[in-house]
Amino acid sequence: MTSAKTISLTTTTGITLTYPSKQPTPNSTTGEIAPEHKQLTGNKLLTNPSLEPTLASLKGRPVALMIEQTLYDLMTPITSGGTVKILTLADAETLPIYRHTAAHVMAYAIRTLFPDVKFAIGPAIDNGFYYDMDNITLNASDFKAIEKAMQTIIKEQFENKRFEISYKEALALFKDEPYKIELIKDLGETTPLTYYKMGDFIDLCRGPHLPTIAPIKGFKLNKLAGAYWRGKATNKMLTRLYALAFLDKPSLKTYITKVAEQERYDHNKIGREMDLFINDALVGQGLPLLTHKGTLVKQRIQTLVETEERRAGYLHTLTPHLAKSDLYKTSGHWDHYKDSMFIIQSGDDEFALRPMTCPFHFALYNSQRRSYKELPIRYAETSTLFRNEASGEMHGLIRVRQFTLSDGHIICTNDQVEQEFKSCLELLLYFLKILDIKNYTFRLSKWDAAEAGSKFIDNPAMWEQTEDQMRTILTKYNYSFVEAVGEAAFYGPKLDVQTTNVYGKEDTLLTIQIDFALPERFKMTYIDENDKKQQPVVIHRASIGCYERTIALLVERYHGNLPFWLAPDQIAIFPVHNKLTAYAKGLETQFIKEGFQVLCDTREESLGKRIRSVQKSRIPYLLIIGDKEQATETLSVRTRDNKVLDGIAIKDFIAACHEMQRNHLLECQVSTLKKTATS
RNA sequence: GCUGGCUUAGCUCAAUUGGCAGAGCAGCUGACUUGUAAUCAGCAGGUUGUGGGUUCGACUCCCAUGGCCAGCUCCA
């Protein structure tokens with residue numbers, strides 16, 4: 001049938017595969033395939049007939065290949081050998097291909113309903129795909145019609161055909177698609193171009209794709225948003241339509257249920273429900289007010305952080321919340337961030353609320369002549385910072401205009417950088433461990449040479465050196481990390497600890513940065529052992545990051561059930577009837593003396609009602625006090641997960657609470673109490 | 001800042017095509033004295049975010065604006 005030369009590949013299952021060397025080419029004027037090439041498309045590529053995909057069902061059949069970690073679809077000629085994994089729909093590696101093909105189906109459907117639409121890009125993403133479009137107005141009420149059109153298209157079981165075309169042919173074929181034309185021109189005349197065709201819908205695309213759209217099942221359009229063309233805010237904003245896509249409807253449903261479940265723990269909802277913070281339109285956007293409960297949580301974390309920092313050799317400072325603009329001009333922040341600083345004009349003087357602490361610590365350092373014998377100097381401050389974030393950026397406690405950073409700056413010699421960097425890392429890992437935060441990843445945030453001089457200080461040698469330094473340390477101590485170009489600070493690379501919120505949105509929780517630029521700008525020096533002036537290195541670091549963001553993460557991590565030592569109200573006391581009020585009040589006093597935060601509810605309401613009324617506060621322990629408890633000097637302890645333990649001796653309960661408080665224990669030590677109760 | 005959605009009592013939500021703003025919870029008053037997630041009855045609660053406009057008449061339609069939510073962009 002073909003004159004294909006055979007390229008032999010080793011497969012994990014020992015199957016030999018052959019591939020045709022010749023590819024179908026389109027008729028350049030119409031975009032149609034020449035008839036003699038038709039048999040080369042689709043599913044004729046495997047020599048083992050039992051493995052051939054069929055249009056009717058791809059279940060258990062090969063749909064794509066992975067050769068040396070690169071994905072190929074079955075329509076693409078293979079030009080090099082290697083270890084091959086044959087992928088079926090069941091393989092995890094296939095899912096992005098499936099989603100990408102589904103994106104094309106959606107585009108096809110939209111084209112039939114909105115013929116004037118102009119397509120940009122439509123990639124697979126986690127959990128689904130999106131397509132960016134122009135010249136179209138959509139709203140959620142269009143979703144059903146689009147989904148229905150997609151179903152209709154899928155029923156046709158179109159093959160997904162692949163074509164290689166020249167630069168000129170591509171320009172002609174996509175002449176009505178301005179965004180595709182821009183992509184083609186950017187790829188240039190020398191890059192091989194391909195497009196895919198299903199039914200009468202064609203799309204410029206590198207692939208890979210499923211050989212047929214028949215198996216596409218579990219999808220749901222879910223979100224409409226604006227997105228800048230090529231991710232640049234100066235470009236036109238396009239319409240982005242997001243969809244979820246899974247192999248089948250049950251997995252789609254499972255995912256939707258899971259997400260709904262997760263979103264119930266949004267700190268922005270339950271943080272307010274727990275009465276940790278509020279917002280007030282008169283105060284302003286991005287300026288949350290912590291209630292007394294939120295303040296208790298913050299103060300407790302702060303105590304932990306500052307205690308550990310002192311142990312780690314940090315010197316705590318208190319520096320001004322504003323400074324003359326000259327300070328930020330010296331640091332370079334003015335050039336980079338002037339627009340997002342709060343600037344205050346006072347007579348002839350220009351001030352700004354501080355957006356970071358570093359120059360203040362540098363001023364302290366520079367207030368004396370420093371010897372190498374003093375280094376490293378480790379400054380730390382629980383620092384209030386102000387950043388005028390864009391109005392669309394604010395989010396609960398995660399992104400705000402005023403926040404409190406567990407900030408710190410280590411000024412050290414070049415030789416001390418590795419040790420100090422490692423200590424910073426260990427300190428923040430210690431905090432993450434105590435708080436039992438596990439959903440984080442390390443990101444080595446590097447500069448982008450393309451933006452040298454504008455976004456980043458133009459000193460390639462120093463960038464290379466510090467990034468290597470960081471990479472070496474991380475590798476040496478076996479921390480796995482991803483590298484991200486263009487995510488550095490303007491003065492140096494960062495190790496960012498990234499986390500995600502309940503919506504899966506990624507944010508930086510903690511950061512350690514090596515700074516080679518600001519010591520120069522602030523003319524920081526020390527005298528070395530040879531009586532020579534040297535320039536120190538600065539490490540910027542955060543212990544727990546910003547308290548507001550950390551509280552948000554904790555609320556989501558614990559679903560509001562903060563550990564005993566962090567819970568705003570730790571214990572609530574409920575006398576069963578009002579003759580026990582005095583006794584309950586006595587207990588309250590006793591617990592307060594022990595240092596716990598206690599609520600005593602003596603309202604003349606039913607016990608059930610009073611218990612119900614504190615459920616939203618998620619108090620770890622409710623103590624029900626009846627005549628029996630008073631007579632035996634015991635407690636009936638109800639935990640917030642609704643377990644009831646009767647007959648707990650008061651002193652044992654107090655001891656257990658102290659234990660949890662002192663050791664920052666995560667679990668309410670119900671088992672300990674129980675043991676005491678039954679012994 | 002941009003795109004889309006939303007904005008009604010303290011909270012959660014109703015109110016047909018433009019035709020008298022309504023309920024539950026919370027609050028207050030009274031009765032009940034309570035054993036582990038809502039005792040009963042009554043009362044009160046609003047310039048429908050704000051400012052304009054269209055209309056005999058606007059919660060409803062239009063314009064502007066504040067705020068909230070998701071996404072994009074940004075994040076020292």
Side-chain angles (χ1 to χ4, degrees), chain A residues 130 132 137-141 222-242 263 266 268-269 272-273 279-286 328 331-341 354-359 385 387-396 398-400 403 405 407 445 455 487-492 494 496 503-505 507-508 511 513 515 517-518 540 546 572 574-581 603-616 622-629 636-640 642-646:
Chain A
Y130 66 77
D132 283 351
T137 311
L138 288 177
N139 58 52
S141 58
N222 74 328
K223 222 160 34 180
L224 203 49
Y228 298 107
W229 166 234
R230 310 200 117 179
K232 278 216 172 101
T234 46
N235 285 346
K236 187 170 184 189
M237 181 158 274
L238 308 174
T239 302
R240 176 173 294 179
L241 180 52
Y242 285 94
E263 289 180 4
D266 182 352
N268 211 10
K269 294 195 190 98
R272 291 173 201 277
E273 192 176 290
N279 278 93
D280 186 300
L282 281 176
V283 174
Q285 246 194 326
Y328 312 111
S331 68
H333 288 90
W334 191 262
D335 288 343
H336 287 272
Y337 301 109
K338 180 170 170 272
D339 290 344
S340 46
M341 285 166 71
R354 66 171 175 198
M356 36 55 213
T357 328
C358 26
L385 302 180
R387 295 181 186 176
N388 193 1
E389 305 285 1
S391 63
E393 302 298 348
M394 264 73 78
H395 174 58
I398 287 180
R399 196 80 183 269
V400 291
F403 56 96
L405 192 69
D407 210 351
S445 299
K455 200 174 169 190
E487 296 288 346
F490 73 86
Y491 49 70
K494 305 191 287 174
D496 291 323
Y503 296 97
K505 185 166 174 160
D507 260 308
T508 301
T511 180
Q513 310 165 2
D515 176 2
L518 297 187
H540 305 241
C546 137
F574 298 92
V576 165
H577 53 77
N578 64 5
K579 292 189 192 77
L580 289 163
T581 299
R603 286 179 300 164
E604 296 186 356
E605 298 284 355
S606 72
L607 180 61
K609 181 164 179 172
R610 282 179 287 155
I611 288 175
R612 188 168 206 277
S613 72
V614 298
Q615 294 297 323
K616 283 183 174 177
L622 311 185
L623 308 180
I624 314 302
I625 307 299
D627 297 319
K628 198 167 70 189
E629 281 71 27
S636 172
V637 180
R638 182 191 171 112
T639 67
R640 61 190 153 190
N642 302 321
K643 293 193 179 81
V644 176
L645 299 159
D646 287 323

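Please read all numbers here as calculations on a predicted model, not as lab measurements. Numbers restart at 1 for each chain; the letters A, B, ... are given by sequence-line order, proteins then strands.
Closest to the A:Arg272 side chain, of the nucleotides B:C69, B:U73, B:U3, is B:C69. Of all nucleotides listed (B:C72, B:A76, B:G35), B:G35 comes nearest to the side chain of A:Lys628. Between B:G35, B:G4, B:A76, one nucleotide has an atom nearer to the side chain of A:Arg387 than all others, and that is B:A76. Nearest to the side-chain atoms of A:Lys223 among the listed nucleotides B:A70, B:C72, B:A37 stands B:A70. Nearest nucleotide to the side chain of A:Gln285, out of B:G71, B:U33, B:G67: B:G67. Of the candidates B:U3, B:U36, B:A26, the closest approach to any side-chain atom of A:Ala225 belongs to B:U3. For A:Ala281, whose side chain is taken as the heavy atoms from C-beta onward, the closest listed nucleotide among B:A37, B:G67, B:C72 is B:G67. Minimum atom distance to the side chain of A:Lys494 is reached by B:A76, of the listed B:A76, B:U3, B:G35. Residue A:His395 places its side chain closer to B:A70 than to any other of B:G35, B:G71, B:A70. When the nucleotides B:G35, B:U33, B:A70 are ranked by their closest atom to the side chain of A:Asp646, B:G35 comes out on top.
For A:Arg612 and B:U36, the shortest distance from a side-chain N or O to OP1 or OP2 is not below 4.0 Å. The phosphate of B:C69 (OP1 or OP2) has a side-chain N or O of A:Asn268 nearer than 4.0 angstrom.
The residue A:Lys455 sits close only to the backbone: its heavy atoms come under 4.0 Å of sugar-phosphate atoms, none of a base. At a threshold of 4.0 angstrom between heavy atoms, the contacts of A:Glu605 include nucleobase atoms, whether or not backbone atoms are also involved. Backbone-only engagement by A:Gly608 is indicated by non-hydrogen atom pairs under 4.0 Å involving sugar-phosphate atoms exclusively. When heavy atoms are screened at a 4.0 angstrom cut-off, A:His333 is found touching base atoms of the nucleic acid. Among the atoms of the strands shown, base atoms are found under 4.0 Å from some heavy atom of A:Ala390. Nucleic acid contact class of A:Glu629 (heavy atoms, under 4.0 Å, all strands): base. A:Gly332 comes within 4.0 angstrom of no nucleic acid atom, judged by non-hydrogen atoms across all strands. When heavy atoms are screened at a 4.0 angstrom cut-off, A:Ser340 is found touching base atoms of the nucleic acid. Base contact: A:Ser636 has a heavy atom under 4.0 Å from a base atom. If you check every strand for non-hydrogen atoms under 4.0 Å, A:Phe574 touches nothing. At a threshold of 4.0 angstrom between heavy atoms, the contacts of A:Phe490 with the nucleic acid are absent.
For A:Ser606 and B:U39, a side-chain-to-base donor-acceptor distance below 3.5 Å is absent, hydrogens and geometry of angles not being considered. Side chain A:Arg230 to base B:C72: no donor-acceptor pair is found below 3.5 Å. For A:Glu393 against B:G71, no side-chain N or O and base N or O form a donor-acceptor pair under 3.5 Å.
Spacing between B:C40 and B:G4 at atom P, rounded to whole Å, works out to 48 Å. Taking atom C1' in both B:A15 and B:G19, one finds a spacing of 12 Å when rounded to whole Å.
The shortest side-chain heavy-atom distance between A:Glu389 and A:Gln285 does not fall under the 4.5 Å cut-off.
Consecutive pairing runs in RNA chain B reach the stem threshold at B:1-7 with B:66-72, B:10-13 with B:22-25, B:27-31 with B:39-43, B:49-53 with B:61-65, where a stem means at least three Watson-Crick or G-U wobble pairs with distances under 3.5 Å.
Atom CG in A:Asp132 sits about 19 Å away from atom P in B:C2, given to the nearest Å. Atom pair A:Arg603:CZ and B:U39:P shows a separation of 11 Å (rounding to whole Å applied). Across the protein-nucleic acid pair, A:Glu273 atom CD and B:C25 atom P stand 18 Å apart, rounded to whole Å. Rounded to a whole Å, the CG atom of A:Asn139 is 15 Å from the C1' atom of B:A70.
Distance check: A:Met356 CE to A:Arg387 CZ gives 7.5 Å after rounding to the nearest 0.5 Å.
A search for side chain to side chain contact (heavy atoms under 4.5 Å, CB included) contacts involving A:Ala225 returns A:Tyr242, not counting sequence neighbours. With sequence neighbours excluded, the residues that form a ring-ring contact (aromatic ring centres under 6.0 Å, His included) with A:His333 are A:Phe490.
Ring geometry for A:His395 against A:Tyr503 counts as perpendicular: the plane angle is over 60°, on a 0 to 90° scale with 30° as the lower cut.
A residue-by-residue look at A:Met341 and A:Arg638 shows that A:Arg638 has its nearest nucleotide of RNA chain B further toward the 5' end.
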